[in-house]
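Note that the structure is predicted; figures quoted are calculated from it, not measured. Numbered from 1 within each chain, the chains take letters A, B, ... in sequence-line order.
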Amino acid sequence: MSTEGLNETPATPETAPSNFIRDIIIQDNKTGKHGGRVHTRFPPEPNGYLHIGHAKSICLNFGLAKEFGGKCNLRFDDTNPSKEETEYVDSIINDVRWLGFDWEDRLFYASDYFEQLYQWAIQLIKQGQAYVCDLTAEQVRETRGTTTEPGVESPYRNRSAEENLDLFQRMRAGEFPDGSRTLRSKIDMASPNFNMRDPVMYRILRAEHHRTGNDWLIYPMYDYTHGECDSIEGITHSICTLEFEDHRPLYDWYVESLGIHRPQQIEFDRLNLTNTMLSKRKLLLLVQKGYVSGWDDPRMPTLSGIRRRGYTPEALRAFCGSIGVSKTNGTIEFPLLEHHIREDLNARAARVMAVVDPIKVIIDNYPDGQTDELEAANHPDKPEMGMRKVPFSKVLYIERDDFREVPPPKYYRLFPGQEVRLRYAYFIKCVSVVKDANGEVTEVHCTYDPASRGGNSPDGRKVKSTIHWVSAEHALTFEARLYESLLLEDAPQSDDIATQLNPTSLVVKANAKIEPSVKGAAPNTHFQFERVGYFNVDLDSTDEKLVCNRTVQLKDTWAKIAKK
RNA sequence: UGGGAGAUCGUUCAACGGUAGGACAGCAGACUCUGACUCUGCUUAUCGGGGUUCGAAUCCCUGUCUCCCAGCCA
């Protein structure tokens, strides 16, 4: 589904360098800690679309399982019905699959285990390790203590097991209003770790759950749920992000108190990318406020966004493999991601000529009405990708940036008196220009050398530059969507997202021109528009109107020279 | 300032008591019918201070800085 328009998929080397998690697994296998088993899981909450940050976790979990001959489950952490939706479940399933991973028959939901979780809560009550607390949310907060002061024990902390059992059953039965009571673990209100200060296990919440509907009026909290779900599924290594380090004692406390299989929680650093928002909350805001067209807007760092933008799963996997895994809180530079998408597309994308910002070129000495068919290679390094014919005629378009009336230093392209090569076609020399009333150049007049047909002159003379072109008469008009970062380079750190948005994150070139060979290309077909960038066919394309997204620009040495 | 976790080229990951290395970025050059690709070369790092050791990025002590934690979110 991802590779339309690409040649055969190369075997991307996904041999990541070692990392501390892999080392732990190797060590565990040596000591027989989990009987040599490796079983991981990717556990998203279905409250938004997956983004590049999740790709790191997915590659890690599925990658490790694959490498060690183990398994990886897909599990939805759906314990908060007020935020979760089936739309998100569907998108997540689609995205993980697109990234290239397979959970076989192991698709689970925390909600699959609600009854078991409830029974375990009863066990903890009977063991004297959980109690029903009548404090309000505010009172709980007030009695939790501070970093330097211990919390205050709830007055309901020492209710009898019988009373707790009765109350908890009635919580489930719907006898009490939302928020009026919670089930709490009886641990230690003086613990320096807030997570251990009698954490809430269950809250009363009347919200329709996307899977269990209105079956439940009480929902378990993340901390109470996660370890048990891992345990039920026989997870050996429960890999999560750094902010859960403080939760590990609680994770362990539950599985140990319950006397069930104890997976090992391991924390790694979340992915940060320069100039990129990787927070579900903020991404949701972008969608809700209409700053983007949706979760799959090609400017979004969501997997569906970058997929639409033209990124490939191969490139993403290579990227995830290359960034490593550690506990350092770092930020990866966005150009590294761009490097991987260029590397993948360079190897596979068919070449084509397209002019994004056209200026007319007239070949004065070319016969009126004549058309030439020129042979062009679909890939410079892969003859097996074949050749195609590109029509040539008297009136052409070239890129506006490829002509200068007054050339700056080191400018090799077309200017009055300069000879250049039209790729796969002829040498042309600029003889004059036509301007409009504003002094804008509207036509560039050239002469061509018929002997240079195909792109080389028999006399062996050289030109400094080869530029791309399309025949005006034959070209297809299309819409090129040029993307830049959604965020301003030096965006002020503010909660007001509007002030951080790059006003030119999307530039639409409605009058771009492309050679006719691309006619009918399917959505998501990838191309390299020679000398311009990698593009793919957007979902919005129709038979009448081709729309292409710029996935990433080609590296542009000239732009650097010109800047100096 | 209670607890938890970190600190190695500009960025990121390695080096697991024995020559600090890769990738990206940058710079310079070669090649080129894409100023692309490819190739060559170069610049730049062990947070500070003590110790242990023949030898320390690695072990110990100490200081400094950064990140996370007081949801009935995950």
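The nearest whole Å value for the distance from the CG atom in A:D246 to the C1' atom in B:G3 is 7 Å. In this entry the distance linking OH of A:Y224 with P of B:C72 reads 17 Å, nearest Å. For the pair A:K462 NZ and B:C31 C1', the interatomic distance rounds to 12 Å; values are reported in whole Å. Rounded to a whole Å, the CG atom of A:D223 is 18 Å from the P atom of B:C68. As a whole-Å value, the separation of A:R531 CZ from B:C37 C1' is 15 Å. For the pair A:F268 CZ and B:C13 C1', the interatomic distance rounds to 15 Å; values are reported in whole Å. Separating the CD1 atom of A:I187 from the C1' atom of B:G3 is a distance of 15 Å, rounded to the nearest angstrom.
Here B:C72 is the nucleotide among B:A7, B:C72, B:G2 with the atom lying nearest to any side-chain atom of A:R144. Nearest to the side-chain atoms of A:E243 among the listed nucleotides B:U34, B:G3, B:A74 stands B:A74. The side chain of A:D556 has B:G35 as its nearest neighbour among B:G35, B:U34, B:G3. Between B:G2, B:G71, B:C73, one nucleotide has an atom nearer to the side chain of A:T148 than all others, and that is B:G2. Listed candidates were B:G35, B:A14, B:A74. Nearest to the side chain of A:N19 is B:A14. You'll find that the side chain of A:R413 is closest to B:G35, out of B:U34, B:G2, B:G35. Among B:U34, B:C72, B:C73, the nucleotide with an atom closest to any side-chain atom of A:T182 is B:C72. Out of B:A5, B:G35, B:G3, the shortest distance to the side chain of A:T557 is found at B:G35. Among the nucleotides B:C13, B:G2, B:A74, the one closest to the side chain of A:F194 is B:G2. Taking only side-chain atoms of A:S326, from C-beta outward, the nucleotide of B:U34, B:C13, B:G4 with the closest atom is B:C13.
Counting non-hydrogen atoms under 4.0 angstrom, A:E530 reaches a base of the nucleic acid. Among the atoms of the strands shown, none is found under 4.0 Å from any heavy atom of A:Y202. Counting any heavy atom pair closer than 4.0 Å across all strands shown, A:H468 reaches no nucleic acid atom. Using a 4.0 Å heavy-atom criterion, one finds that A:R141 contacts the sugar-phosphate atoms exclusively. Residue-level contact check: A:R423 touches the bases, meaning some heavy atom is under 4.0 Å from a base atom. Base contact: A:N456 has a heavy atom under 4.0 Å from a base atom. Across all strands, A:S82 comes closer than 4.0 Å to no nucleic acid atom at all (heavy-atom distances). Here A:T146 lies in heavy-atom contact (under 4.0 Å) with a base. Residue contacts shown for A:T147 include a base, since a base heavy atom lies under 4.0 Å away. Across all strands, A:L183 comes closer than 4.0 Å to no nucleic acid atom at all (heavy-atom distances). Among the atoms of the strands shown, none is found under 4.0 Å from any heavy atom of A:E149. A:P380 comes within contact range of at least one nucleobase, with a heavy-atom separation under 4.0 Å. Across all strands, A:I561 comes closer than 4.0 Å to base atoms (heavy-atom distances). Across all strands, A:G145 comes closer than 4.0 Å to base atoms (heavy-atom distances).
The backbone N or O of A:S457 lies less than 3.5 Å from no partner atom in the side chain of A:D449, so there is not a single donor-acceptor pair. Of the possible donor and acceptor atoms, none in the side chain of A:Y113 sits under 3.5 Å from a partner among the backbone N and O of A:F108. A donor-acceptor pair under 3.5 Å is formed between the side chain of A:K186 and the backbone N or O of A:R157.
Within residues 47-60 of chain A, no residue places a heavy atom under 4.0 Å from RNA chain B.
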Dot-bracket encoding of pairs in RNA chain B, which uses [ ] for pseudoknotted crossings and | for another strand, Watson-Crick or G-U under 3.5 angstrom
.((((((..((((....[..)))).(((((.......)))))....(((((..]....))))))))))).....
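Residue A:N329 places no side-chain atom within donor-acceptor reach of the base of B:G6, judged by atom type and a 3.5 Å distance cut-off alone. One N or O donor and one acceptor, one from the side chain of A:D23 and one from the base of B:C16, sit under 3.5 Å apart.
A:E138 and A:T136 share no side-chain donor-acceptor pair at under 3.5 Å. Checked by atom type, the side-chain pair A:D198/A:S154 shows no donor-acceptor distance below 3.5 Å. For the residue pair A:R351/A:H379, the side-chain donor-acceptor check at 3.5 Å is satisfied. In this model, a donor atom of one side chain and an acceptor atom of the other lie less than 3.5 Å apart for A:N275 and A:S485. Counted by atom type alone, A:Q265 and A:Y251 present zero donor-acceptor pairs between their side chains at under 3.5 Å. Residues A:S111 and A:R211 have side chains that bring a donor and an acceptor to within less than 3.5 angstrom of each other. A donor-acceptor contact under 3.5 angstrom links the side chains of A:S185 and A:Y254, judged on distance only. No hydrogens or angles considered: nothing links the side chains of A:H526 and A:N536 as a donor-acceptor pair under 3.5 Å.
Once the 5.5 Å centre distance and the 30° plane angle are applied, the aromatic ring of A:W558 is found stacked with the base of B:G35.
Counting heavy atoms from C-beta on, the side chains of A:N346 and A:E343 never come closer than 4.5 Å.
Distance noted for atom C1' between B:G21 and B:C9: 11 Å (whole Å). Nucleotides B:U66 and B:A23 are separated by 25 Å at their C1' atoms, to the nearest Å. For the P atoms, the distance from B:U38 to B:A74 is 46 Å, rounded to whole Å. Rounded to whole Å, the separation between the C1' atoms of B:C68 and B:A14 comes to 26 Å.
Just one of A:E233, A:H237, A:H226 meets the side-chain hydrogen bond (donor to acceptor under 3.5 Å, both in side chains) condition when paired with A:R41; it is A:H226. Under the ring-ring contact (aromatic ring centres under 6.0 Å, His included) test applied with A:Y202, the options A:W120, A:Y222, A:F168, A:W216 reduce to a single match, A:F168.
Residues A:K327 and A:I467 both approach RNA chain B. Their nearest nucleotides, taken by heavy-atom distance, put A:K327 toward the 5′ side.
The ring of A:Y109 has its center closer than 6.0 angstrom to the ring center of A:F76.
For the OP1/OP2 pair of B:U11 and a distance below 4.0 Å, the side-chain nitrogens and oxygens of A:T274 include no atom meeting the criterion.
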In B/S/- notation, 5' to 3', how is nucleotides 22-27 of chain B contacted by protein heavy atoms closer than 4.0 Å?
--BSSS
Could you please spell out the steps behind the side-chain contact (heavy atoms from CB on, under 4.5 Å) verdict for A:L337 and A:Y311?
CA-CA 10 Å; A:L337 214 207; A:Y311 277 65; 3.7 Å; yes
